[in-house]
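Everything numeric in this text was worked out from a predicted model, so none of it was measured. To find a chain, count down the sequence lines: A is the first, B the second, and so on, and within it residues start at 1.
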Amino acid sequence: MRIRKETALAYTFLSPVLLFYAIFLVIPVLFSLFISFTDWGGFDLESMEWVGLKNYRKILSPESNFLHPVLTNTFLYAFGTVAISFCSALAVSFFISRLRFQGLWRTLYFLPSVTTIVAIGNVWLYMYNPTNGLINGIITGLGFRSVNFLDDPHHALLSVIVAGGWLGIGSSVLILSAGLKAIPDNYYEAASLEGAGAMRQYISITLPLLRPTILFVLITSFIGGLQSFTLTLVMTKNGGPGDSTNVGALEMYNQAFSFGNWGIASAMAFVLFVAILIITLVQLFIFRRGGVESY
Amino acid sequence: MKPQRTPWISYAVILLGSVLMVFPFLDMVFSSFKSASEYASLRYSLLPQTFVFDNYKLAFEQLKLAMLFKNSLLRSVSITLLVLLTSSLAGYVLAKLKFPGKQLIFRFILATMMFPAFLFFIPNYYITVHFPLAGGNDLFGAGGSGGLAASQLGLIVPFAVSGFGIFLMRQFIMGIEDAYIEAARIDGARELRIFAQLVLPMTAPVLATLAIFEFINSWNEFIWALLMNSVNTDLATLPVGIQMLKSHLDPTLTQPLVMAGLVIATVPVLLAFILLQKHYVRGMMNSGLK
């Protein structure tokens with residue numbers, strides 16, 4: 001009797017959560033999978049037309065812009081932002097660990113992470129402005145010609161990546177700092193007694209012991225980068241010029257909500273989702289071998 | 001590592017980096033005080049030649065700031081309260097009660113965190129707009145004027161549960177001694193009372209972390225709010241209202257105005273964050289890796 005009461009209680013407490021996931025997660029995923037096999041403008045359900053694999057064939061065909069440049073850009077964006085934010089965060093978290101007022105410094109680096117992307121995107125747009133922006137102010141001040149960062153297809157993607165990498169530093173610093181704190185002080189003390197210098201200690205103690213944290217940061221921020229599109233939306237609206245900054249989730253968003261191709265957009269969402277899922281599983285495997293059991 | 005000498009190089013690197021992190025914010029604040037003509041001039045300068053407050057006056061006139069603020073605040077407060085409630089209830093159940101299906105539900109909640117947000121914009125947009133019996137819709141979700149998006153519910157309901165929140169609460173509540181709960185049960189306390197008066201107060205530190213996290217995230221969330229605004233313009237939040245202002249008018253004229261709007265939208269949250277960062281940063285650092 002006691003056990004059945006506990007079961008009833010548990011499911012009563014869980015019912016709002018389970019109902020929510022049914023309506024806003026399970027049904028949507030199935031619905032979205034169904035839409036991806038139809039031709040639909042998102043209006044009434046009767047106007048849905050079953051087209052089988054047509055949408056998938058279309059976006060995966062060599063002529064489509066989805067594989068290239070859109071998915072290529074998605075990977076470049078994820079790679080670039082992770083490279084910038086991870087390398088910076090590794091250095092920053094190490095140097096902060098040697099200072100006083102660590103909380104203050106970490107907060108400063110974290111400020112972009114608690115700011116709306118609309119602000120981040122617009123401020124970087126202003127800094128990139130070819131006529132009155134800060135960065136071109138410095139470039140022309142040094143005697144070079146000003147660069148049209150976001151209107152030039154050769155520079156646009158890199159310009160968005162730099163902003164995105166800058167934005168990601170703070171959260172990586174937070175996680176890496178937590179990892180650094182978990183390394184016992186006496187390891188360093190013992191190394192100092194043996195005469196190891198700071199550089200030697202970092203390479204022989206810090207990096208090996210930090211490896212699970214490093215893998216965690218790399219993988220979560222890479223997956224985050226593959227999904228990200230808000231910054232690109234704010235800075236370039238539609239992934240322009242041309243498709244030079246366009247990424248998968250943004251193309252999906254515009255196909256659905258700018259052009260009303262809900263079928264194509266849903267197919268794109270699933271292709272991107274499956275790609276991310278495969279990458280996640282591969283990385284989980286690397287994780288396990290890299291010594292993170294609990295992830 | 002306790003440094004004996006002052007680590008000058010570390011200070012130099014971190015200070016330089018901090019300048020790079022904070023500078024864009026300074027640029028935003030200072031340019032919000034530039035006049036449109038100074039802004040349109042060809043040379044960059046950080047400081048305005050003369051500080052003008054016109055942009056703020058204009059921002060208050062042209063943006064429906066009262067509405068934007070109300071929507072942003074109502075949304076963030078509601079989502080935060082709902083997530084705290086659902087996360088602590090589910091977290092408690094998954095940490096302390098024994099029942100069939102527990103492992104399955106916990107695995108499911110972990111799995112929900114692997115689904116990327118972009119997968120849900122399309123179906124959830126349709127579901128929200130065609131929500132049965134909401135906003136004048138009939139039982140089949142037809143006939144109404146926007147379903148949940150007829151009111152602020154459209155901004156709130158799809159964010160009412162957070163897999164991360166449930167996970168965070170479960171991990172924390174697992175650390176509470178079973179003996180407390182057993183003792184209360186033996187004393188005859190009802191289950192809801194055990195949860196509300198015994199467990200919940202003990203979770204205060206992690207609730208604070210989760211509250212700050214959810215409030216900031218929902219205050220800043222942009223894409224869903226933009227979609228809801230496309231159904232019903234009365235649902236614009238601060239980020240949406242400011243971004244829309246930008247796309248409507250001549251960009252060179254409105255840029256300082258946009259900056260003023262962004263200062264209004266971000267600076268209160270940033271200041272609140274700096275005040276509360278201890279709860280947030282410590283909570284995140286303790287929970288980030290477990």
Side-chain angles (χ1 to χ4, degrees), chain A residues 6-7 9-10 13-14 16-17 20-21 24-25 28 31-32 35 42 92 95-99 103 105-109 111-112 114-119 122-124 126-127 131-134 137 174-175 177-179 185 188 213 216 227 230 249 252-253 256 262 265-266 269 273 276 280 294, chain B residues 1 3 7 10-11 13-14 17-18 21-22 24-25 27-28 31 41-44 86 89-90 93 97-100 105 112 114 116-124 126-127 158 160-161 191 216 220 222-223 239 242-243 255 258 262 265-266 269-270 273-274 277-278 281 284-285 288-290:
Chain A
E6 199 162 319
T7 305
L9 178 81
F13 276 14
L14 281 175
V17 170
F20 175 90
Y21 279 129
F24 291 106
L25 193 120
F31 183 35
S32 179
I35 300 173
V92 167
F95 285 121
I96 287 181
S97 74
R98 305 165 65 87
L99 302 181
W105 299 117
R106 276 195 287 268
T107 304
L108 281 182
Y109 282 84
L111 287 182
V114 291
T115 308
T116 174
I117 303 274
V118 173
N122 278 299
V123 171
W124 275 88
Y126 175 43
M127 295 202 301
T131 51
N132 60 353
L134 160 74
L174 229 53
I175 302 171
S177 296
D185 275 345
Y188 295 108
T213 318
F216 179 84
Q227 305 176 8
T230 318
M252 177 224 83
Y253 175 87
W262 282 41
S266 299
F273 173 50
I276 292 174
T280 312
S294 58
Chain B
M1 246 184 305
S10 303
Y11 270 112
V13 173
I14 289 304
S18 303
M21 296 315 284
V22 175
F25 291 99
D27 210 13
M28 174 174 86
S31 57
S41 79
L42 289 183
R43 282 210 35 218
Y44 173 81
T86 54
L89 271 175
V93 168
L97 298 186
K98 289 187 194 72
F99 58 98
I105 291 176
T112 64
M114 307 237 311
F118 67 77
L119 197 59
F120 297 100
F121 291 126
I122 292 172
N124 280 349
Y126 190 87
I127 288 170
V161 173
E191 288 294 334
I216 290 171
N220 291 338
F222 177 59
I223 301 288
I242 294 163
Q243 186 67 14
Q255 197 71 12
V258 167
L262 291 174
T266 56
V269 181
L270 288 179
F273 175 75
I274 292 171
Q277 56 87 18
K278 258 193 182 146
V281 173
M284 282 297 152
M285 280 176 60
L289 263 183
K290 268 205 172 147

Go through the atoms of [X] and report whether side chain, backbone, both or neither lie under 4.5 Å from a heavy atom of chain B.
X: A:Phe273; result: both
X: A:Ile35; result: side chain
X: A:Ile276; result: side chain
X: A:Phe20; result: side chain

Please state whether the side chain, the backbone, both or neither of [X] comes within less than 4.5 Å of a heavy atom of chain A.
X: B:Phe120; value: side chain
X: B:Val13; value: both
X: B:Ile14; value: both
X: B:Phe121; value: both

For [X] and [Y], which heavy atoms make the closest approach, and how far apart are they?
X: B:Tyr44; Y: A:Asn132; answer: CD1-O, 3.2 Å
X: B:Phe99; Y: A:Leu14; answer: CZ-CD1, 3.8 Å
X: A:Tyr109; Y: B:Ser18; answer: OH-N, 3.1 Å

What's the separation between atom [atom1] in [X] and atom [atom2] in [Y], rounded to the nearest 0.5 Å?
X: B:Phe118; Y: A:Gln227; atom1: CZ; atom2: CD; result: 6.0 Å
X: B:Ser31; Y: A:Leu134; atom1: OG; atom2: CG; result: 11.0 Å
X: B:Met21; Y: A:Thr107; atom1: CE; atom2: OG1; result: 12.0 Å

Can you tell me which of [options] forms the most heavy-atom pairs within a distance under 4.5 Å of chain A?
options: B:Leu262, B:Ile216, B:Ile274; value: B:Leu262
options: B:Leu97, B:Val258, B:Val269; value: B:Leu97
options: B:Ile122, B:Thr86, B:Leu89, B:Leu270; value: B:Ile122
options: B:Leu119, B:Asp27, B:Ile105, B:Val22; value: B:Leu119
options: B:Pro24, B:Ala90, B:Ala117; value: B:Pro24

Among [options], which residue has the highest count of heavy-atom pairs closer than 4.5 Å to chain B?
options: A:Phe31, A:Tyr21, A:Trp105, A:Tyr253; value: A:Tyr21
options: A:Ser177, A:Ala249, A:Pro112, A:Ser266; value: A:Pro112
options: A:Pro16, A:Ala269, A:Ala265; value: A:Ala269
options: A:Val17, A:Thr116, A:Leu174; value: A:Thr116

Under 3.5 Å donor-acceptor, B:Asn220 side chain and A:Ile117 backbone
no

Q. Can you check whether B:Lys98's main-chain N or O pairs, donor with acceptor, with A:Glu6's side chain at less than 3.5 Å?
A.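 Yes; judged by distance alone, with no hydrogens or angles, the pair exists.
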
Could you tell me how the ring of B:Tyr126 sits relative to the ring of A:Trp262: parallel (under 30°), tilted (30 to 60°) or perpendicular (over 60°)? perpendicular

Pair A:Asn122-B:Gln255, side-chain donor/acceptor within less than 3.5 Å = no

